[in-house]
Amino acid sequence: MKRRTFLTTTAGGAVATAAGLSAPAYATGKRRLKMVTTWPKKFPGLGTRAEEFAKDIETATDGRLRIKVYAGNELVPPLGAFDAVRGGKADIYHGSEYYWQGKHKAFSFFTAIPFGLTAMEQSQWLNYGGGQKLWDELSGKFNIKALVCTNSGVQMGGWFKKEINSIEDFKGLRIRIPGLGGEVLKRLGATPVTKAGGEIYLALSQGNIDASEWVGPWNDLAFGFHNITKYYYTSAFQEPGAAIAAGFNLDVWNSLSKADQAIIRAVAGDNYQKSLAEFNSRNAASLRALVDKHGVLLRTYSDEILIALARTSDEVMQEIATTDDLTKRIYNSYMDTRRAAMEWRAIADEPYLRSRHLYENYGKRL
Ligand code: CA
């Protein structure tokens, strides 16, 4: 298996034996790899980031590793990316780990969970809280090695056709919200539906759904949801930051030199922070356009609603934690980092952000 995957992904195309390798390509160590993604072509921030990640690897390896990127449905359907890489049809996927929760429920922890870690805290967990080791154990079961390489930052709560003033307002609400956030709202009486990004606008405008979450101002403005309704809720309890992974076929990963593995890790880390900077920068500009030009009305959930969402989220997460021993260990490790991050941020970031608001509002010379 290891040998076959290596050979078929080596420059020169599919070959049956080592003797069939094209000699010049083998001598120079050039490899051509296929990356499948879960995104539409040029999808802002995610599809574009997959292309940039691939290009950066090619540049950093001086063309030794060349990666052809396939948008969703070009080689396999978006949600077929995992199996394509697992089975060796492709070498790398670029996508959200929570799309694979049907394979194993613990995958959600590596994208986002309700009331979970922010982008920088996710990095804290993976690098210094034991998260990457647990992820390797989980992905290894599926012959995959995964790394984070993108993060959307804090997402928005979504677009609603009516205001949500109490928990009662969720009852009967048809809302597009995938994954665990959907499960939480379902337990509070809503009817969550899963729809691909391209289907949301029509469903919302035709009244098939009453509300929808998507990503954040940058992506939401592009879809034009503000033309249907003005109520825009912040922020997303369900997605405090969607960490996106690059998942390598484990045989392909192991066949790379230690130097190339180190380069890929460095490029992935660089893209993680660049993507976050890009989302934050473009979201800020797009939100200004939504509010100033399009008259969008920003809303937040009341504390009463947030507490109900939190209690229900905790119920859902505790149930998931009982899936098996590995999930329990992942849950405990994740929560340890969350606790530590919350304690430190309450001392450091939160008071600092408050003091900066005071500067902005009152501290400037008139
Ligand atoms: Ca989302």
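In listed order, ligands and their atoms are each counted from 1. The structure displayed is predicted, hence computed values, not measured ones.
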In Lys68, Arg66, Arg64, the residue satisfying salt bridge (Lys or Arg N to Asp or Glu O under 4.0 Å) with Glu58 is Arg66
Looking at Glu239, the N, O or S atom sitting nearest the Ca ion (ligand 1) is OE1
Q) Do you see an N/O/S atom of Trp214, backbone or side chain, under 3.0 Å from the Ca ion (ligand 1)? A) yes
N, O or S from Gln238 under 3.0 Å to the Ca ion (ligand 1): no
Are the side chain of Gln122 and the backbone of Phe109 linked by a donor-acceptor contact shorter than 3.5 Å?
-> yes
Here the N/O/S atom of Glu213 closest to the Ca ion (ligand 1) would be OE1
Are Arg187 and Glu319 close enough for a salt bridge, meaning some N to O gap below 4.0 Å?
yes
Lys195 (side chain) donor-acceptor with Tyr201 (main chain) under 3.5 angstrom:
no
